[in-house]
Engineer: 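First, the structure itself, so that you have it in front of you.
Owing to the predicted nature of the structure, the values given are computational and were not obtained by experimental measurement. Atoms considered below: every heavy atom in the structure, side chains included; atoms not considered: hydrogens, waters and symmetry mates. Within every chain, numbering begins at 1; the chains are lettered A, B, ... in the order of the sequence lines, protein sequences first and strands thereafter.
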Amino acid sequence: MASRQAKAPSSVEELLDNCRQLAGLSLADLARKTCSPLPVSPTHAKGWVGQQAEKFLGASAGSKAEPDFPELGIELKTLPLNANGQPQESTYVCHIQLMALNQQTWQQAWVNKKLQQVLWLPYEASKTIEYAKRKLGHAVLWQPSLSQAQQLQQDWEEIMEKLCMGEQQQLSAHHGQFLQVRPKAANAKALTNAYDEQGERCQTLPLGFYLRPGFTREILENSYLG
DNA sequence: TTATGATCATCG
DNA sequence: CGATGATCATAA
């Protein structure tokens, strides 16, 4: 059995069932499951856990701008936890299309669609644990609460207003309570097309939407209560 | 080049 | 010492 893409789950139950098989496994176990070698240098394999999880669970492959499980409308996100069992880092949501942000509504926004339903897969990411021995946790299927959805929308509107005015130069990660904008590029010299304040085409640093650590921390904590 | 998967590493 | 800005890998 060579390394291959698993079959897509046909139901939420099947997906959650597959997730239960992962709970408690180490990253070394995960590598065995997906027939993939553990990364030699984790620093240079930042997305490895997420990519193996996609592979094992049968998420749609590659870089398509679609939910990981299109049939189910579910987005899969691994969630690295620090030594205290809490999310430490922000979570990337999606790329921002600077050339096509006019007239977008929150309902239509890609970032909103992705956050309608997310399957969070927490795992130990503390550097005090040897990489191969870090364990996967129990997956949490989440949908935003009313207040979460409202705050996300508010953040999005504040950010989009600036973007639509061509003010991406003045935008920074300081904006937004839950949702923030950060660079999303190979490096600081990368450029993509956009419009400036005068509505003229220009080139600027590519951006993406991210969720602040406090937000994912809240999601995880709430899941323990349920 | 644009999208995905993210974490790294420096600064305030 | 947490958040911001920068960076790494891969697919199409």
Side-chain angles (χ1 to χ4, degrees), chain A residues 3-6 22 27 30-31 34 36-70 74-84 86-101 109-111 113-115 118-129 131 134 136 139 155 159 168-194 201-218:
Chain A
S3 169
R4 64 177 177 82
Q5 174 74 40
L22 290 178
L27 296 190
L30 179 61
T34 60
S36 306
L38 275 169
V40 177
S41 171
T43 302
H44 299 293
K46 296 180 183 179
W48 189 83
V49 177
Q51 286 159 351
Q52 299 315 304
E54 286 185 335
K55 190 171 170 181
F56 179 80
L57 296 172
S60 66
S63 60
K64 284 181 291 188
E66 275 189 351
D68 294 303
F69 302 97
I74 294 176
E75 172 75 11
L76 173 69
K77 295 229 160 278
T78 50
L79 195 54
L81 306 181
N82 64 19
N84 297 323
Q86 295 188 320
Q88 177 94 355
E89 294 275 1
S90 57
T91 300
Y92 168 70
V93 180
C94 67
H95 173 83
I96 302 178
Q97 298 185 99
L98 293 172
M99 290 302 285
L101 36 75
W110 178 237
V111 56
K113 292 186 178 177
K114 279 209 163 186
L115 295 178
V118 180
L119 184 62
W120 301 97
L121 181 59
Y123 71 97
E124 297 171 337
S126 168
K127 298 224 174 79
T128 61
I129 307 173
Y131 189 79
R134 297 178 190 173
L136 301 168
D155 289 343
I159 290 164
Q168 58 274 144
Q169 307 294 349
Q170 289 118 70
L171 250 189
S172 76
H174 296 283
H175 299 84
Q177 291 198 10
F178 290 169
L179 197 63
Q180 64 178 170
V181 167
R182 306 252 294 278
K184 180 59 174 171
N187 55 60
K189 291 167 196 155
L191 292 174
T192 193
N193 292 322
R201 279 183 77 135
C202 65
Q203 295 222 297
T204 189
L205 186 61
L207 301 174
F209 283 116
Y210 293 76
L211 293 174
R212 292 183 181 278
F215 186 66
T216 47
R217 210 175 294 145
E218 180 181 309

Engineer: Please work out which residues in residues 201-214 of chain A have a non-hydrogen atom less than 4.0 Å from an atom of DNA chain B and list them by number.
Structural biologist: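 DNA chain B contact set from residues 201-214 of chain A: A:Y210.
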
Engineer: Could you check whether A:A188 gets within reach of a base, just the sugar-phosphate, or nothing at all, counting any heavy atom under 4.0 Å?
Structural biologist: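 Counting heavy atoms under 4.0 Å across all strands, the contact made by A:A188 is with sugar-phosphate only.
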
Engineer: Using a cut-off of 4.0 Å on non-hydrogen atoms, how would the nucleic acid contact of A:P80 be classed: base, sugar-phosphate, or nothing?
Structural biologist: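 Here A:P80 touches the backbone only, sparing every base.
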
Engineer: Less than 4.5 Å apart, side chain to side chain, heavy atoms only: is that true for A:S60 and A:F69?
Structural biologist: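 No, every pair of side-chain atoms sits at 4.5 Å or beyond.
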
Engineer: Out of A:L211, A:N82, A:T216, which residue meets the side-chain contact (heavy atoms from CB on, under 4.5 Å) rule with A:P87?
Structural biologist: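 In the set A:L211, A:N82, A:T216, the residue that makes a side-chain contact (heavy atoms from CB on, under 4.5 Å) with A:P87 is A:T216.
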
Engineer: From the options A:T34, A:T78, A:L38, select the one residue that forms a side-chain contact (heavy atoms from CB on, under 4.5 Å) with A:Q52.
Structural biologist: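 Going through A:T34, A:T78, A:L38 one by one, the side-chain contact (heavy atoms from CB on, under 4.5 Å) with A:Q52 is satisfied by A:T34 alone.
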
Engineer: Could you tell me if the side chain of A:D155 sits less than 4.5 Å from the side chain of A:Q180, heavy atoms only?
Structural biologist: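 A:Q180 vs A:D155: side chains apart.
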
Engineer: Could you report the tightest heavy-atom contact between A:N187 and A:L205, atom names first, then the distance?
Structural biologist: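 For A:N187 and A:L205, the tightest heavy-atom pair comes out as O-CD1, 3.9 Å.
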
Engineer: Between A:D68 and A:E75, is there a side-chain heavy-atom distance shorter than 4.5 Å?
Structural biologist: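 A:E75 reaches A:D68 side chain to side chain.
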
Engineer: Does anything in residues 175-183 of chain A reach DNA chain C, meaning a heavy atom under 4.0 Å, and if so which residues?
Structural biologist: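 Heavy-atom cutoff 4.0 Å gives A:Q180, A:R182, A:P183.
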
Engineer: Taking all heavy atoms of A:H175 and all of A:Q170, pick out the closest pair and write down the distance.
Structural biologist: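 Smallest interatomic distance, heavy atoms only, reads CE1-O, 3.7 Å.
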
Engineer: Does A:S36 form a side chain to side chain donor-acceptor pair (under 3.5 Å) with A:K55? I'd like the steps, not just the answer.
Structural biologist: CA-CA 10 Å; A:S36 306; A:K55 190 171 170 181; 3.1 Å; yes

Engineer: Working to the nearest 0.5 angstrom, can you tell me the gap between A:Q88 CD and A:L81 CG?
Structural biologist: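 It comes to 10.0 Å.
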
Engineer: Rounded off to whole Å, could you give me the CD-to-P distance for the A:E54 and C:dA9 pair?
Structural biologist: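 Distance check: A:E54 CD to C:dA9 P gives 18 Å.
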
Engineer: Can you pull the contact range of chain A along DNA chain B, 5' to 3', using atoms under 4.0 angstrom from its heavy atoms?
Structural biologist: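 Endpoints of the contacted stretch of DNA chain B: B:dT2 to B:dC8.
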
Engineer: Rounded to the nearest 0.5 Å, how far does OH of A:Y92 lie from NZ of A:K77?
Structural biologist: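 If we round to the nearest 0.5 Å, A:K77:NZ and A:Y92:OH are 7.5 Å apart.
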
Engineer: Look up atom SG in A:C202 and atom CD in A:Q168, then write down how far apart they are to the nearest 0.5 Å.
Structural biologist: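 Going from SG on A:C202 over to CD on A:Q168, the span is 5.5 Å.
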
Engineer: Report which part of the nucleic acid A:A185 touches: base, sugar-phosphate, or nothing (heavy-atom distance under 4.0 Å, all strands).
Structural biologist: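 Base, at least one base atom sits under 4.0 Å.
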
Engineer: Classify A:G50 by what it touches in the nucleic acid, base, sugar-phosphate, or nothing, heavy-atom distance under 4.0 Å.
Structural biologist: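 Sugar-phosphate, no base atom in range.
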
Engineer: Base, sugar-phosphate, or nothing for A:K114, non-hydrogen atoms under 4.0 angstrom?
Structural biologist: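 Since only primed, P, OP1 and OP2 atoms lie under 4.0 Å of A:K114, the category is sugar-phosphate.
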
Engineer: Check every strand shown and say whether A:K184 touches a base, only sugar-phosphate, or nothing at a heavy-atom separation below 4.0 Å.
Structural biologist: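 If one applies the 4.0 Å heavy-atom cut-off, A:K184 turns out to touch a base.
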
Engineer: When the distance from CD of A:E89 to C1' of C:dC1 is rounded to whole Å, what number comes out?
Structural biologist: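 Computing the A:E89:CD to C:dC1:C1' distance gives 13 Å.
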
Engineer: Of A:A186 and A:S90, whose closest DNA chain C nucleotide lies nearer the 5' terminus?
Structural biologist: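 Result of the comparison: A:S90.
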
Engineer: Which atoms form the tightest heavy-atom contact between A:L30 and A:V49, and what is the distance?
Structural biologist: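 A:L30 and A:V49 have their closest heavy atoms at CD2-O, 4.4 Å.
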
Engineer: For C:dA3 and A:H174 - does any side-chain N or O of the residue sit under 4.0 Å from the phosphate oxygens OP1/OP2?
Structural biologist: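 Negative; the distance criterion is not met.
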
Engineer: Starting from the 5' end of DNA chain B, give me the residue, A:W48 or A:L191, whose nearest nucleotide shows up first.
Structural biologist: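 It is A:L191, whose closest nucleotide lies nearer the 5' terminus.
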
Engineer: Over all strands shown, is A:E66 touching base, sugar-phosphate only, or nothing at heavy-atom distances under 4.0 angstrom?
Structural biologist: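 No contact.
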
